[in-house]
Amino acid sequence: MRIAVLSDVHSNLEALDAVLERVRAEDAEETWVLGDIVGYGADPQAVVDRLREHGARLLAGNHDLAAVGRFDARWFNKVAAEAIRWTADVLDEEARALLETLQPREGSDGDPVLVHGSVVDPVTEYVTNERVAAASFEADGFGLCFFGHTHLPAVFARRGGGVVESASLEDGQRFTLDEGVRHMVNPGSVGQPRDGDPRASWLLYDGDARTVVVHRVEYAIEGAQAKIRDAGLPGVLADRLAVGR
Ligand code: ZN
């Protein structure tokens, strides 16, 4: 079973289209999206439509929930809040209805668990270090969890004895999910990478071989930036795409 794992598309259609082209080329049987489909970028409607056409399995992130009033945007910084108000205004009824049904967590023991933030708090917690990851490993019995929200491609591994180790995942690097070790894996962000590499990030999970490979994909960053500026969204949202921060 080859599964494309995507997260944090953030209304970036140029990045999503470039990634989906690679997903098709890699013959992934399914595509899972770990939330934050919308927010920040200028193409929320087209991104929702594209993922629906693609038949992707979708989770809700904090931005998706905020866009339809299921999460209070007062918790957002000024730029994010402004973008989410704009997003809520441009989504059509069908897209809103879809976002209203999505959950920030899917899957159970035995399957990969999918969350946007963390197992402890699927909506808002950032798994950025071993200590935070350890709490998720303790909160549930999963063997494998895919998560998003940090926009950083990374793996956390918990071996016997409870020690949690982490590593970032580089473009094209094949990482083996050793039997008997529990893992939390982040595919990075399609639409707003924050690890200093502006290329879109996604991950191919091979359930039979027990491997994950992160792929970085170049896309038309200038096109996405121009749309953000034309929409009157905060300029910083366009600027950051060029530097991947
Ligand atoms: Zn995000």
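As the structure lists them, so they are numbered: ligands from 1, and atoms in each ligand from 1.
- Note on His63: not counted as a metal contact of the Zn ion (ligand 1), no N/O/S atom lying under 2.8 Å.
- Of the N and O atoms on the side chains of Asn12 and Gln192, not one donor lies less than 3.5 Å from an acceptor on the other residue.
- Ring pair His10/His63 is perpendicular by interplanar angle, where above 60° counts as perpendicular and below 30° as parallel.
- Taking backbone and side-chain atoms together, His149 has no N/O/S atom less than 2.8 Å away from the Zn ion (ligand 1).
- Taking the Zn ion (ligand 1) as reference, the nearest N/O/S atom within His151 carries the name NE2.
- Per residue Asp8, closest N, O or S atom to the Zn ion (ligand 1): atom name OD1.
- When you scan the N, O or S atoms of Asp36 for the one nearest the Zn ion (ligand 1), you land on OD2.
- Side-chain contact between Asn186 and Met184: absent, with no pair of heavy atoms (C-beta onward) separated by less than 4.5 Å.
- Aromatic ring centres of Phe137 and Phe156: separated by at least 6.0 Å.
- We find that Arg229 and Asp239 are joined by a salt bridge, their nearest charged nitrogen and carboxylate oxygen being less than 4.0 Å apart.
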